[in-house]
Amino acid sequence: MRILVCGGAGYIGAHMCKILAENGFAVTVFDNLSTGFKKNVRWGKLICGDLLDQAAIDTCLNQEPFDAVMHFSALAIVSDSITQPGKYYENNVTGTLNLLSAMARHGVDKFIFSSTAAVYGSPETTTITEETTVNPATPYGASKWMAERILKDFEIAHKIRSVIFRYFNAAGAEPAGQIGEDHDPETHLIPNILQSLNGKDNNKLNIFGNDYPTPDGTCIRDYIHVNDICQAHLSALTYLQNGGQSDCFNIGNGNGFSILEVIAAVERVTGKKVEYEIKARREGDPAILVANSDKLKQRLNWQPEFTELDQIIETAWRYYCR
Ligand code: UDP
């Protein structure tokens with residue numbers, strides 16, 4: 001089977017390409033390299049192109065018969081989406097629409113979509129199921145929700161079946177340390193904590209808010225290892241290949257950790273002290289996001305391998321040290 005991985009030069013996409021290749025799939029990456037890196041494309045061939053360029057997608061889909069498309073390409077910095085909504089809607093909604101339209105033209109009928117817990121906004125419940133009301137609070141969350149909605153119509157009109165994964169906080173790196181989380185600028189908590197350990201003043205860790213309604217006042221998130229996310233995608237591929245119907249799944253570990261708890265875990269794993277400063281809240285951050293992933297476990301027979309926060313951080317640290 002040949003899989004088109006849109007966004008395969010990015011953090012999660014690159015891990016996916018590795019796992020696909022290890023499982024005998026042929027991989028083609030379509031990526032505009034805006035946030036991803038050419039060096040990450042090691043397990044398939046790279047076609048440089050943008051999802052806003054219909055002709056480029058057509059050229060890509062003309063090259064080979066693809067069995068399925070995985071779509072990781074997106075702008076994903078929540079606070080940026082608030083200041084640049086047009087850019088986020090164009091990239092995340094129009095880009096996905098262009099990709100689906102091209103798939104319809106070329107008869108590719110299986111799609112795996114990277115969505116986000118941000119579609120839920122700031123839910124009242126602390127553990128979120130797929131039945132929790134969708135109510136995105138930011139353009140980023142709304143852009144992903146709109147793309148999810150579009151998928152329903154493309155299934156009716158063009159028979160494209162899809163699996164949607166709503167990611168909680170992707171974290172860690174593949175254990176061999178070849179690839180890992182590497183954004184520029186880096187906005188995510190775990191890599192920022194690790195970077196702060198090098199003692200340079202401009203890398204000092206900021207904690208965005210300690211006045212949230214949580215036990216220690218800092219935000220609580222559900223950290224899920226990047227390889228566990230990719231294994232779920234692999235299961236989804238088999239599921240769609242066997243005729244499975246379109247569906248949507250949360251993907252998280254089911255345990256929430258506050259920022260201070262993540263810092264304590266980094267200190268345990270690295271043996272180093274994390275220095276930080278408390279800053280104002282970051283716009284768009286809900287207090288608590290924790291997944292219930294029972295549906296994924298039951299329907300796709302998925303189990304996370306990296307269940308402990310320390311294990312996840314160990315892999316991120318190994319990559320960082322390399
Ligand atoms: N965060 C922080 N300092 C940082 C990066 C993140 O305090 O340098 C906080 C952020 O405000 C949020 C949590 O850590 O409450 C997780 O943020 P991240 O950007 O990693 O993921 P998100 O939950 O926004 O997808």
Side-chain angles (χ1 to χ4, degrees), residues 10-12 35 72 74-83 88 92 114-123 126-128 136-145 165-173 180-198 200-226 229 250-267 274-291 309 312-313 315-317 319-320:
Y11 167 46
I12 305 174
T35 57
F72 297 91
L75 294 175
I77 301 177
V78 173
S79 52
D80 283 356
S81 81
I82 296 169
T83 52
Y88 271 69
N92 296 357
S114 305
S115 188
T116 168
V119 299
Y120 298 110
S122 295
T126 46
T127 306
I128 300 169
T138 61
Y140 171 62
S143 71
K144 289 287 186 174
W145 169 236
F165 286 114
R166 292 179 179 158
Y167 302 166
F168 283 65
N169 286 61
E181 193 167 8
D182 223 351
H183 302 105
D184 185 18
E186 188 54 75
T187 62
H188 291 109
L189 181 64
I190 293 175
N192 275 355
I193 300 176
L194 297 180
Q195 275 175 33
S196 78
L197 295 175
N198 70 16
K200 291 191 189 144
D201 232 24
N202 55 348
N203 285 336
K204 190 157 184 170
L205 180 72
N206 293 319
I207 292 184
F208 299 123
N210 66 349
D211 57 351
Y212 284 93
T214 61
D216 67 21
T218 64
C219 286
I220 292 178
R221 293 289 181 274
D222 177 332
Y223 296 89
I224 175 77
H225 194 274
V226 60
I229 291 179
N250 286 342
I251 176 159
N253 253 316
N255 296 312
F257 295 94
S258 73
I259 297 173
L260 294 179
E261 287 172 329
V262 176
I263 289 174
V266 169
E267 290 180 338
V274 176
E275 305 288 344
Y276 59 81
E277 273 178 32
I278 305 292
K279 299 281 183 184
R281 289 183 178 195
R282 197 173 66 175
E283 241 193 306
D285 277 344
I288 304 176
L289 289 174
V290 180
L309 181 60
I312 296 175
I313 291 172
T315 64
W317 179 232
Y319 174 69
Y320 184 78

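When a ligand or atom number is given, it counts from 1 through the structure's own listing order. In this text, all values refer to a predicted model and were calculated from it rather than measured experimentally.
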* Qualifying salt bridge (charged side-chain N to carboxylate O under 4.0 Å, His left out) pairs with a residue from residues 203-212, counting only residues at least two apart or across chains -> Lys204-Glu277, Asp211-Arg281
* To do: Applying side-chain contact (heavy atoms from CB on, under 4.5 Å), run through Ile312 and Asn253 and close with a yes or a no.
  => CA-CA 11 Å; Ile312 296 175; Asn253 253 316; 3.7 Å; yes
* Asked: At what distance, to the nearest 0.5 angstrom, does CD1 of Ile229 lie from CZ of Phe168?
  -> 11.0 Å
* Asked: Between Ala265 and Leu309, what is the shortest heavy-atom contact and its length?
  -> CB-CD2, 3.8 Å
Below 3.5 Å only, please: the N or O atoms of ligand 1 paired with protein N or O atoms, distance on each line.
| residue | atom | partner | partner atom | Å |
| --- | --- | --- | --- | --- |
| ligand 1 | 3 (N) | Asn206 | O | 2.7 |
| ligand 1 | 7 (O) | Asn206 | O | 3.3 |
| ligand 1 | 7 (O) | Phe208 | N | 2.9 |
| ligand 1 | 8 (O) | Asn192 | ND2 | 2.9 |
| ligand 1 | 11 (O) | Asp285 | OD2 | 2.5 |
| ligand 1 | 17 (O) | Arg282 | NH2 | 3.4 |
| ligand 1 | 19 (O) | Thr187 | O | 3.4 |
| ligand 1 | 19 (O) | Arg282 | NH1 | 3.3 |
| ligand 1 | 19 (O) | Arg282 | NH2 | 3.0 |
| ligand 1 | 20 (O) | Leu189 | N | 2.8 |
| ligand 1 | 21 (O) | Asn169 | ND2 | 3.0 |
| ligand 1 | 23 (O) | Asn169 | ND2 | 2.9 |
| ligand 1 | 23 (O) | Arg221 | NE | 2.7 |
| ligand 1 | 24 (O) | Arg282 | NH2 | 2.8 |

* To do: Using modelled atom types only, decide if a donor and an acceptor are shared between the side chain of Asn250 and the backbone of Ile128 within a distance under 3.5 Å.
  => yes
* Asked: Strictly by modelled atom types, are Ser196 and Tyr276 linked by a side-chain donor-acceptor pair under 3.5 Å?
  -> no
